[in-house]
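Just so we're on the same page: letters track the sequence lines, and every chain starts at 1. Please read these numbers as outputs of a predicted model, since none were measured by experiment.
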Amino acid sequence: MLSFFRVLHFAFQDIVRNISLSFMTVIILVLMLLSINTLVVVRAVTEHVVSQVKEQIDVSVYFAHDIKQEQMEEIKKYISAFPEVVKTTFLDKEAVLAEFKETHKDNNNILNSLNELEENPLGATLIIQTREPRDYEKIITALSIPEYKDIIESKTFADTQKAIERISLITAQIEKAVLILSALFAIISFFVIFNTIRVAIYTQRMEIGIKKLVGATDWFVRGPYIIESIIFSGISMVIAGAIVYAVLQFLDPYLGIILYSEGFLTKYFQNNILLIVGIEFGVVLLLTIITSGLAMRKYLRI
Amino acid sequence: MITLSQISKQYTKKSVGLDNISLHVDSGEFVCIVGQSGTGKTTLVKLLIAEERPTKGKLEIGGWDISRISYRDVPLLRRQIGVIFQDYKLLEKKTVTENVSFALQVAGTPHKRIKNVVPRVLDIVGLSDKKYAYPYQLSGGQKQRVAIARSLVHRPKILVADEPTGNLDAINAHEIIEILKKINDFGTTILLVTHDKDIVNRLRKRVITLHNGQIVVDKKQGTYQL
Ligand SMILES: Nc1ncnc2c1ncn2[C@@H]1O[C@H](COP(=O)(O)OP(=O)(O)O)[C@@H](O)[C@H]1O
Ligand SMILES: [Mg+2]
């Protein structure tokens, strides 16, 4: 216990007496944390956008005009059984008509000719959403069997197939890019921190040697560095957190408009706060402790 | 107190530090170790404080065989032997008092005892008025006296000094030697590595001369002769 308090005391003394070095270390850590947070934001936004795009893609199945309810129910059941299908929405004839009138409310010609008809000329529609855009192909194939040839009048997919393919490709690439970017960032931060600490310890190698020569155990040499790492990690977390918070306040109104989601980032951070803070603190602490351990090993062997 | 039996230290195939030396130093002796540069004087000091291990032979200090001392026991050994160096080896970011206290703090000495011991050793080396100075505010002679004070806090039975006056002028060097003599008078065994002829000749103590890693002369009340 006595030795713990002494190590703690040495740690604080080191921080204060090497104030410029302490300052630099904290700045480097803050910069690294900000990059991590930038990445978190980029990820969150792309994830959101990608999922929005995916949600907006669907396949509409237009049933022939004179189809019985049971037949349509059967197809709906058949389609819903696919694991790729997330959601199916059934619009009956009247709903389709209402929607049709709504989309063409400015076109009197169409409305008039519709009104002249006694019977609703439109068939019911089944809207199908799948998990991934690329799954539509399978659904379409499943629906293109001879039994349904007379029941299903048309499918929108034929027109949108190219678009869906392209979106699948783009979203997959965005996801991949973000992943590679994250990995790259992790590697760069490791080297930046490793080097910062290595330089810091190199300048203090004389001290490490002296401490060992007057009979200090490794714990007395290493302990203050570990405690300094914890303190630096904590301080840089607080500073980075404050900066991120301020930036979120500034960004969120704009993003809210673009993403149709109010307070999107603030909510995202709030929902994931423990995970983000925990991972960041863990990473920073582990990095500083491991790298200082690695960098110091050579000088401890005296 | 110190016994070396056929000690050799081979750094690399070509670099020999010490070549088969045997030596005995009694408790309370004052021994000068002289020799030209690169003859193994510092190597001997490093073996004594286990900064290096002998390649061959047996090295005993106070009956403790330290030829194969374990990494864990090294700090214990160093708390029993005082060492001072030509370059003082003070912690630049710590004051005089903190430098001296450090050696006790790392040994787990209670605070009360540290507060008691540190002013006393600073008094012995005549630095009571520099307690709160940092090393950069001290002269070379004063720095070496801080180092001596630090080496004394554990009341070591042995004090090893590797060219402690190498960076000092004659007057400061003389002062340091006087302090070492005083410490020797209290019963501490002293090993003084030096190549200052005047100092050796004036001391009239045992002189061991090294050459190419071997002992060539070992004389009671010897003089410096090469
Ligand atoms: N770490 C080392 N690695 C290789 N050779 C060394 C090392 N330290 C000392 N030596 C060699 O050992 C010999 C004795 O060195 P040293 O004990 O420092 O001499 P002195 O202190 O008498 O000047 C020299 O030839 C020196 O080059
Ligand atoms: Mg030497």
Side-chain angles (χ1 to χ4, degrees), chain A residues 1-26 197 199-229 231-232 292-294 296-302, chain B residues 42 45-46 48-53 69-85 87-95 97-114 134-136 143 146-154 156 159-160 162:
Chain A
M1 213 55 212
L2 180 67
S3 93
F4 178 75
F5 282 119
R6 281 184 181 161
V7 165
L8 201 66
H9 174 75
F10 291 148
F12 278 105
Q13 211 177 50
D14 278 354
I15 291 176
V16 174
R17 296 194 185 168
N18 296 299
I19 193 70
S20 56
L21 196 65
S22 310
F23 200 65
M24 278 311 296
T25 310
V26 169
I197 289 176
V199 168
I201 285 175
Y202 182 77
T203 58
Q204 279 164 302
R205 71 197 187 285
M206 296 289 253
E207 293 215 344
I208 295 171
I210 294 170
K211 288 174 181 173
K212 296 244 26 192
L213 282 178
V214 299
T217 52
D218 283 2
W219 155 241
F220 262 100
V221 181
R222 209 179 271 232
Y225 285 97
I226 293 174
I227 288 168
E228 282 169 55
S229 298
I231 293 170
F232 289 148
S292 77
L294 283 179
M296 203 182 299
R297 225 176 25 177
K298 196 162 72 194
Y299 308 121
L300 279 174
R301 291 260 150 212
I302 288 175
Chain B
T42 297
V45 171
K46 285 182 172 170
L48 289 173
I49 58 172
E51 195 178 329
E52 296 285 354
R53 304 284 193 286
I69 188 173
S70 77
Y71 186 71
R72 264 190 41 222
D73 288 339
V74 169
L76 296 177
L77 172 70
R78 290 182 185 163
R79 291 169 200 168
Q80 289 170 39
I81 302 178
V83 213
I84 57 175
F85 303 89
D87 57 355
Y88 324 121
K89 297 207 190 295
L90 299 178
L91 297 165
E92 290 295 321
K93 301 278 182 180
K94 291 190 192 292
T95 64
T97 302
E98 286 165 355
N99 261 286
V100 177
S101 305
F102 187 82
L104 288 168
Q105 286 169 328
V106 298
T109 309
H111 184 67
K112 251 174 110 175
R113 187 168 152 70
I114 297 177
Y134 285 90
Y136 74 90
K143 284 188 209 178
V146 177
I148 293 173
R150 181 180 62 189
S151 75
L152 290 180
V153 291
H154 291 304
L159 180 65
V160 183
D162 191 358

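- Put simply, of A:N18, A:V7, A:D14, the one with the most heavy-atom pairs under 4.5 Å next to chain B is A:N18.
- The shortest distance between side-chain heavy atoms of B:F102 and A:R6 does not fall below 4.5 Å.
- Contact between B:K89 and A:I210 at its shortest, heavy atoms only, is O-CG2, 3.1 Å.
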Show me, pair by pair, the donor-acceptor contacts under 3.5 angstrom made by side chains of residues 222-229 of chain A, not counting sequence neighbours?
residue, atom, partner, partner atom, Å
A:Y225, OH, A:Q204, OE1, 3.4
A:S229, OG, A:Y225, O, 2.9

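- With sequence neighbours excluded, no residue forms a side-chain hydrogen bond (donor to acceptor under 3.5 Å, both in side chains) with A:S20.
- Of the two parts of B:A107, neither the backbone nor the side chain holds a non-hydrogen atom closer than 4.5 Å to a non-hydrogen atom of chain A.
- Residue B:Y88: no heavy atom, backbone or side chain, is found under 4.5 Å from chain A.
- Per-residue heavy-atom pair counts under 4.5 Å with chain B were compared for A:M206, A:H9, A:K211, and the maximum is reached by A:K211.
- When heavy atoms are compared at a cutoff of 4.5 Å, B:E52 does not approach chain A at all.
- Neither the backbone nor the side chain of B:R72 comes within contact range of chain A; no heavy atom of the residue lies under 4.5 Å from a heavy atom of that chain.
- Residues of residues 212-221 of chain A having a heavy atom under 4.5 Å from any heavy atom of chain B, listed by number: A:K212, A:L213, A:V214, A:G215, A:A216, A:T217, A:D218, A:F220.
- Looking at A:E207 and B:K94, no side-chain N of the basic residue comes within less than 4.0 Å of a carboxylate O on the acidic one, giving no salt bridge.
- The 12-atom threshold is exceeded at CZ of A:R17, counting heavy atoms of other residues, nucleotides or ligands nearer than 6.0 Å.
- For chain B, the nearby parts of A:L300 are the backbone and the side chain; heavy atoms of each come within less than 4.5 Å.
- With a 6.0 Å radius and a threshold of 12 heavy atoms from other residues, nucleotides or ligands, A:R297 has its CZ atom at or below the threshold.
- Here B:K46 pairs with nothing under the side-chain hydrogen bond (donor to acceptor under 3.5 Å, both in side chains) rule; sequence neighbours left out.
- For B:Y71, the OH atom sits in a packed shell: over 12 heavy atoms of surrounding residues, nucleotides or ligands are nearer than 6.0 Å.
- Residue B:I84 does not touch chain A at all, counting heavy-atom pairs closer than 4.5 Å.
- Residue contact with chain A, scored on non-hydrogen atoms closer than 4.5 Å, is absent for B:L76.
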